[in-house]
Number of protein chains: 2
Amino acid sequence: MSLPDKDANRPLYAQVRERLIDRIRSGEWKPGQLIANEFDIAAEFGVSQGTARKAISDLASEGLVVRRQGRGTFVVEHTPAHVLFRFFNLFDAEGAAVIPDSRDCKASLAAASSEERSTLGLERYAKVIRIARTRTRNGRPLMRETIALPEALFPGLAERQEIPNTLYDLFQKSYGVLVTRTDDRLCAVAADAQTAATLGVAPGTPLLKIDRIAFGLDDRPLEWRVSHCYLGDAHYLARTR
Amino acid sequence: MSLPDKDANRPLYAQVRERLIDRIRSGEWKPGQLIANEFDIAAEFGVSQGTARKAISDLASEGLVVRRQGRGTFVVEHTPAHVLFRFFNLFDAEGAAVIPDSRDCKASLAAASSEERSTLGLERYAKVIRIARTRTRNGRPLMRETIALPEALFPGLAERQEIPNTLYDLFQKSYGVLVTRTDDRLCAVAADAQTAATLGVAPGTPLLKIDRIAFGLDDRPLEWRVSHCYLGDAHYLARTR
DNA sequence: CAGTGGTCTAGACCACGTG
DNA sequence: ACGTGGTCTAGACCACTGC
């Protein structure tokens, strides 16, 4: 196999990179799996090992694969621990990660609202799966979360008996959907009556609202998640660079 | 000139990279300045152009230099616009950057509190410059900000008549200090009486508190900044790649 | 036009993990 | 011992910029 001539003006390493992404997206290379080595990829596409190396290195810096010297290159896997490390940004006063549990999790299927359609980039009449849950820390309510997912991407998810704590792990293992990046919009809001009751605080208590959109391999929205958090001594950490 | 033999076991490109950082830190290469090209750097350190290239590319991906094809490689410059783009994370409902002004800016010199010492990594009896200011958007108060800076890094700053709006620009232009990354800790708090009065809101109004530590080239803290924001329809955007 | 960074090659050897 | 990724070299040509 070799590269098509059509993209002749684009760098070879970029073309190789996209072909490798296709393999991950199609499931030919599954999460956690060892992929072909640099020399085999180079030979297959008819480029030098250095060019194949750059393609793979770019994927590694994008977080799609993990390179391990002496062992090989592996498709990134969303183990619960990995998700927590990568996309979970809550830490306590000592700087330790806050790891929440889930409670009272409910899922349902519904026609997407106009807001859901525009946020998730859906067509009219598209359906969404809505999940609402309370997340706890040491048994105390930490946040109230509502999640909207395109039904087309996650068929049958609403009917599952058990919704796991680490959703991104489920997305990948059961639906082959990889979360590659997230945009979190943060602001402070006053707790409304219902949220206050759920979290066990007085109405009007300041809460951190996290409005997240998660994106997949093709950079299209996969999930819209709104969390209202009563953090106590914890905080959300945003690192720039 | 060539590399010392002592670091013989560390990669050449890493050694070259650090020597280049030294030049930026020492002021030999100033912000905005064109640095030597790949071939000259390679010749100077006795490595191949590819190795010099990797050292420079690493600096570029760290954001310390900017490469411009056909022109050369330049040390990053903290123009007001650049700082706003890079370290300012507030956006309005339409996704446009919120650009605040400063008002009622006051600076003073004081002995560092124990909290300031531990946050900024200072010795006992070290002095800090404290800055307090109100930041506005379209003439309305947006946030109240208090800033602590090690006096050793910014001598005489407290005595300046004018404190500019974009501090990181001043740090670099007047003190040769480059901010390379920031850690923001975010939480929601209720406005106390004084902050509420300053921001023109009712006491108890939920505010977004941003507790930031800014780091320099050597990864040591340069600034501790705490902002209390009444954002209105705006939000803080945190992107996770 | 000359000079820069960007891409690409075809080799070489090293460091690491596993059998 | 073997295969992997990691480093390094010495060349080549292309694309862009400014004079």
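Here the structure is a predicted model, which is why all the values come from computation and not from measurement. Every chain is numbered from 1, with letters handed out A, B, ... down the list of sequences.
A cation-pi contact, defined as under 6.0 Å to the ring centre and within 45° of the axis, is absent between B/R185 and A/F91.
Between A/R23 and A/E18 there is no salt bridge, since no side-chain N of the basic residue sits under 4.0 Å from a carboxylate O of the acidic one. Ion pairing between A/E62 and A/R181 fails under the 4.0 Å rule for side-chain N and carboxylate O. Between B/D184 and A/R241 no salt bridge is recorded (no basic side-chain N to carboxylate O distance below 4.0 Å). In summary, B/R25 and B/D22 engage in a salt bridge, as defined by a charged side-chain N under 4.0 Å from a carboxylate O. Taking the charged nitrogens against the carboxylate oxygens, A/R225 and A/E145 do have a contact shorter than 4.0 Å, which makes a salt bridge. Between B/R239 and A/D183, at least one side-chain N (NZ, or NE/NH1/NH2) sits under 4.0 Å from a carboxylate O, which counts as a salt bridge.
A/F39 comes within 4.0 angstrom of nothing in the nucleic acid, heavy atoms only. Contact annotation for A/R53: base contact, defined as any heavy-atom pair under 4.0 Å involving a base atom.
Rounded to whole Å, the distance from CZ on A/R67 to C1' on C/dC16 is 14 Å. Rounded to whole angstrom, the span from the CD1 atom of B/I56 across to the C1' atom of C/dT4 amounts to 11 Å.
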So B/V179 and B/F87, side chain to side chain contact (heavy atoms under 4.5 Å, CB included) or not? Walk me through it.
-> CA-CA 9 Å; B/V179 174; B/F87 295 114; 3.9 Å; yes
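Protein chain A contacts DNA chain D over a range whose 5' and 3' limits, counting nucleotides with an atom under 4.0 angstrom from a non-hydrogen atom, are D/dG3 to D/dT7.
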Output a table of nitrogen or oxygen pairs between the protein and nucleotides 1-3 of chain C separated by less than 3.5 Å.
from: C/dG3; atom 1: N2; to: B/G70; atom 2: O; distance (Å): 3.0

